[in-house]
Structures are given as C-alpha cells and as structure tokens.
Number of protein chains: 2
Amino acid sequence: MPQDAMLRRISFYADLSDDDIARIAEMDGRARTFERNTEIIDAGQKLDCVFIVTEGWAIRYKTLEDGRRQVLNVLLPGDIFDLQVMVAAEADHSVLAVTDVGTWVVRPETFEGLLTQSSSLSCAMWWMQVQEEAFLREQIMRNGKQTARERIGHFLLELHRRIRIAGFGKDESFRMPLTQSIIADALGLTPIHTNRILRQMQRERLIERDKGWVTFVDAERLADICQFDPSYFHLDAMRSRLGRRV
Amino acid sequence: MPQDAMLRRISFYADLSDDDIARIAEMDGRARTFERNTEIIDAGQKLDCVFIVTEGWAIRYKTLEDGRRQVLNVLLPGDIFDLQVMVAAEADHSVLAVTDVGTWVVRPETFEGLLTQSSSLSCAMWWMQVQEEAFLREQIMRNGKQTARERIGHFLLELHRRIRIAGFGKDESFRMPLTQSIIADALGLTPIHTNRILRQMQRERLIERDKGWVTFVDAERLADICQFDPSYFHLDAMRSRLGRRV
DNA sequence: CGGCGAGTTGAAGAGCTTCAAGCCTGGTGG
DNA sequence: CCACCAGGCTTGAAGCTCTTCAACTCGCCG
C-alpha cells in the first residue's frame with residue numbers, strides 16, 4: 001500500500017493509536033510515479049499538493065543562471081514535502097527523481113485535517129520538520145568547514161542512518177543510487193575530485209563499493225575522521241519522549 | 001516596548017486585527033538582554049523557551065570538535081527562535097550575541113496559545129518558517145557553488161534586504177556589525193581571503209565601507225554579478241496574498 | 001556490436017589557505 | 001592628555017586543495 005512508507009516513518013516519531021493508523025490508511029490522495037531523471041517539482045512552480053515519497057530516491061536542488069547545480073538534500077521513502085504548500089508558496093527549488101520514484105499526493109486540506117485531528121501525528125510532523133532543518137544546517141556545516149574527505153564520509157554516514165530510519169539497508173551497508181556527479185553537487189566539489197577521494201577511501205579500507213552498494217569497513221573510525229556526531233538527528237530526545245528505542 | 005520588533009515584523013507577514021495586536025502586546029514573557037560576545041544558547045542545552053530578538057544582531061553557529069566554526073545564519077530584530085522548543089528538542093547548534101542583544105522570552109505554552117487563537121498569527125509564523133528554511137537553502141547554494149566574490153556580494157545583499165524588512169537601514173546602505181571573521185565563518189572562507197575580496201570589491205566600486213556601514217554603489221550590477229535572485233524571500237507570494245506591497 | 005552514461009586517471013593551473021607581520025582605531029588607565 | 005593595549009583589519013609570499021581539461025575505460029541496453 002502506498003501509505004506504508006509514511007506509516008512506517010511516522011511510527012518512528014510517535015506512538016500511533018489505531019485511529020491514527022486508520023486515518024493514514026484511509027487518507028484521501030492519489031499515487032503518482034516519476035521515472036528516473038524526471039522533474040517532480042520545478043523551481044518557480046506553484047505548490048498545490050503535499051507529496052509523500054513511497055519509493056525511490058529524489059534530490060532537492062537549486063540551479064544558478066549559468067547552470068551550476070547545488071543539491072540541497074536527499075529525499076528518501078517516508079519523506080514528506082513540502083509543508084510550504086500550506087502557505088501556498090512557490091517552489092524556490094526543484095526536485096528531481098534520481099531513481100524511479102513513487103509518491104502519494106495529498107491535498108493540503110486533507111493533510112491539515114490529519115494534523116488537527118491527531119496530536120500524535122501533528123507531533124510526528126514537527127519532529128520530521130525539526131530533523132529536516134537540522135539536515136540543512138549540517139549540510140551547511142559540512143560544506144563550509146570540512147575537507148572533501150570529511151564531507152564525503154559524513155554524507156555517507158548520514159545517508160546510511162537515514163536509510164536505516166526509512167527501513168532499508170543493512171547494519172553496515174546500504175544501496176546508494178546517487179551518481180558521483182550528484183554527490184559532488186551536494187558537497188560543493190567536482191565529480192573528478194569526488195571520484196579521487198572515494199577511490200582513496202577504498203584504498204584506505206574505510207569503505208567498499210560494489211554494484212551500487214556502499215559498505216563501511218570500520219564505521220567508527222570513519223565517523224571519527226569525519227567528526228560525524230549524529231546528535232543532530234535528535235534521536236535521544238525522541239527516545240526519551242517515546243520511552244522506547246528508535 | 002519589547003514586543004515592538006515582533007509586531008513590526010509580523011505585520012509584514014499578515015494583516016493583523018486589533019485583537020491580534022492586543023494579544024501580542026499583552027503576551028506574557030520577560031525581557032532578557034545579552035552582552036555582545038556572550039552565548040544566548042549553547043549547543044546541547046535543553047530548549048525551554050521561545051526567544052524573540054528585540055534588538056541587536058546574533059548568529060547561529062555550529063563548531064566541530066577541533067574548533068572550526070560554521071555560522072549558519074544571522075538573527076535580526078523580529079526573528080523568532082526556536083520553534084524547535086515546541087517538541088522539546090535539544091539545541092543542535094549555538095547562538096551568540098554579536099552586538100548587545102535584547103530578547104523577549106516566552107514560554108512555549110504562551111506562544112502556542114497565540115498561534116491557536118489567531119489564524120493570522122499562525123499564518124505569519126508559517127511564513128517566517130518558510131522564509132527561514134529558504135535562507136538555509138540559499139546559504140547551502142551560495143557556499144557550495146559560488147566563488148568567494150559571489151558569496152560575499154550575495155550575503156551582503158541578503159542581509160541588506162533582511163535588515164530592511166526588519167525596519168532598519170537605508171535604501172542602499174545598512175549598518176553591518178559582523179566582523180570579517182564572522183563573515184568568513186558564514187561563507188566557508190578564511191578571514192584573510194574575505195578581507196582581500198572586500199577590498200577588491202571596494203576598488204571595483206561595487207561597495208563602500210565606512211564606520212561599520214556598508215553601501216552598495218551599484219546594487220543592480222552587484223546583484224547581477226552574484227546572481228542574487230531574491231525570489232527565495234517569497235515576497236511576491238506574500239504580496240499577492242495580502243494584497244499590498246511588502 | 002555500437003553507443004551512451006558513468007566512472008577513472010593524469011597533468012597543469014587557479015583559488016583559496018596558511019603563516020607571518022604590520023597597521024589602524026577605540027577604549028583604558030596612569 | 002597622552003601612552004598603551006587589544007581586537008579587528010590589511011597586506012605579502014608560499015603552498016596546498018581542489019578544479020579544469022582531456023582522454024580513456026567499463027558496464028549496460030538496444
């Protein structure tokens with residue numbers, strides 16, 4: 001069911017009642033799929049619906065007039081975008097399907113209804129929002145003050161953790177469909193340099209790459225090198241609030 | 001009155017009724033001031049109140065373990081931080097007073113009451129939130145894909161516009177209390193290079209600097225050079241929603 | 001089998017950093 | 001009233017990280 005990804009994700013942020021689950025399952029909306037390499041949202045377009053990623057990877061990005069592209073963030077299954085639609089804003093950036101992407105499209109009123117009806121759902125949405133903003137801040141930190149090597153390691157560790165939260169991947173590895181060009185555009189590097197650093201990290205046995213999978217050989221050492229401190233995920237706060245492991 | 005800055009700012013985002021204005025004026029809270037160069041919020045601390053800047057400049061920043069500092073954003077009079085407190089999160093970054101800073105401190109319940117009582121206020125808050133996230137994204141873009149020269153110009157143009165919205169500055173100039181070190185830490189540069197570029201921009205007669213004031217000699221040319229496109233402020237959308245100039 | 005997108009590698013060069021030193025200005029105290 | 005100090009600003013020179021340009025390889029799909 002297309003709402004599964006959303007359910008799985010929201011359960012991570014809040015304890016849902018049976019009513020909540022029913023509300024999400026019966027939520028009015030329609031499925032819409034996007035082929036890989038197609039635009040889901042174009043910068044400048046009027047936003048009129050909330051999207052929930054049910055499947056696949058997408059990227060938010062901005063382009064400068066001369067074509068330079070900056071990837072802002074990665075969207076994974078369970079991610080919701082954009083709550084901006086609530087104030088009828090225009091998109092100030094674009095969203096591109098990196099793989100084939102499945103979405104569930106919901107009218108803002110429907111979504112708003114969901115939030116006002118259930119304080120658990122509303123709270124979960126706040127958490128997702130807080131986390132998303134934290135990702136943006138961490139992205140600024142990484143690209144502003146870290147070396148290419150640190151950026152790439154940090155980025156991979158973040159993605160791994162997010163993929164695990166979304167319910168995919170394994171303990172030390174995950175499928176990573178982003179091209180080196182996309183990684184480069186996310187981290188403010190050239191694809192060439194990104195490639196060199198990735199190869200170097202393999203040579204140093206920090207990571208392994210095979211058929212689109214990334215494996216951390218020694219995640220702790222890597223986290224140490226990159227100064228990856230996952231406190232910005234706010235998992236502790238959620239844990240203590242919910243009284244369970246997250 | 002300390003709430004003035006907040007009133008002035010919110011009026012920018014929504015048409016307030018007399019009731020709304022009264023609600024803000026009577027909002028329960030206390031004034032608190034911070035001397036320049038003191039911490040307003042420390043990373044890791046439990047957030048328990050909403051702050052509204054009534055006076056002065058502050059910066060949000062993160063530090064790496066080895067001391068490298070990244071400035072994430074600048075806080076100006078009228079800015080509200082942090083709505084994260086609504087989910088009782090811990091601060092994942094710090095806030096530092098750059099000048100002497102006046103704040104109005106409000107309990108989350110009080111603030112939430114304000115939002116639930118008035119849809120205008122709630123809507124204004126959404127706009128501020130959308131705008132703040134847009135600033136973060138623009139910061140990522142700038143630092144990731146622009147040259148030092150472009151970054152500095154873009155940053156100055158953004159600050160000028162924000163200061164104007166906050167109700168300060170003049171058409172082509174504004175008081176800018178950030179040191180070159182802070183600018184450097186915001187833009188992922190060294191203070192030395194920041195200085196060189198600033199001087200170069202003066203020599204090219206793009207800007208003038210005097211006694212902490214920055215003046216744009218030819219704002220249009222500068223915006224062109226930096227590819228500064230203020231659509232991320234979402235002013236058009238607000239204008240059409242409110243039916244007035246903003 | 002051919003072509004295309006993605007990945008890989010080398011060599012040269014630009015942009016920014018690092019280290020080092022001097023300057024300017026506003027505030028403090030004798 | 002002036003000397004002095006500290007923080008911020010300014011400039012030079014050398015060097016490193018990352019970019020640019022160019023070419024080649026690999027794997028996949030029609």
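Below, chain A is the first sequence line, B the second, and so on; all start at residue 1.
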Contacts of type salt bridge (Lys or Arg N to Asp or Glu O under 4.0 Å), residue Arg137(B), not counting sequence neighbours
Asp92(A), Glu133(B)

Atom NZ of Lys62(A) and atom CG of Leu72(A): how far apart are they, to the nearest 0.5 Å?
7.0 Å

How long is the span from the CG atom in Asp79(B) to the CE atom in Met128(B), to the nearest 0.5 Å?
5.5 Å

For atom [atom1] of [X] and atom [atom2] of [N], their distance in whole Å:
{"X": "Ile183(A)", "N": "dT8(C)", "atom1": "CD1", "atom2": "P", "result": "11 Å"}
{"X": "Gln200(B)", "N": "dA14(C)", "atom1": "CD", "atom2": "C1'", "result": "14 Å"}
{"X": "Asp210(A)", "N": "dG27(D)", "atom1": "CG", "atom2": "P", "result": "11 Å"}
{"X": "Leu187(B)", "N": "dT17(C)", "atom1": "CG", "atom2": "P", "result": "11 Å"}
{"X": "Ile182(A)", "N": "dA6(C)", "atom1": "CD1", "atom2": "C1'", "result": "11 Å"}

Any chance the side chains of His154(B) and Glu138(B) put a donor and an acceptor closer than 3.5 Å?
yes

Any side-chain donor near an acceptor of the partner, Gln139(B) and Arg142(B), under 3.5 Å
yes

Below 4.0 angstrom, N of the basic side chain to O of the carboxylate: do [X] and [Y] qualify?
{"X": "Glu132(A)", "Y": "Arg60(A)", "result": "yes"}
{"X": "Arg68(A)", "Y": "Asp66(A)", "result": "yes"}
{"X": "Arg149(A)", "Y": "Glu204(A)", "result": "yes"}

Five pairs at each end of the helix from dC1(C)-dG30(D) to dG30(C)-dC1(D): take the axis at both ends and give me the angle between them to 10°.
30°

Report which part of the nucleic acid Gly188(A) touches: base, sugar-phosphate, or nothing (heavy-atom distance under 4.0 Å, all strands).
sugar-phosphate

Return a single string for nucleotides 7-17 of chain D, one symbol per nucleotide in 5' to 3' order, where B is base contact, S is sugar-phosphate-only contact and - is none, cutoff 4.0 angstrom on heavy atoms.
--SSBBB----

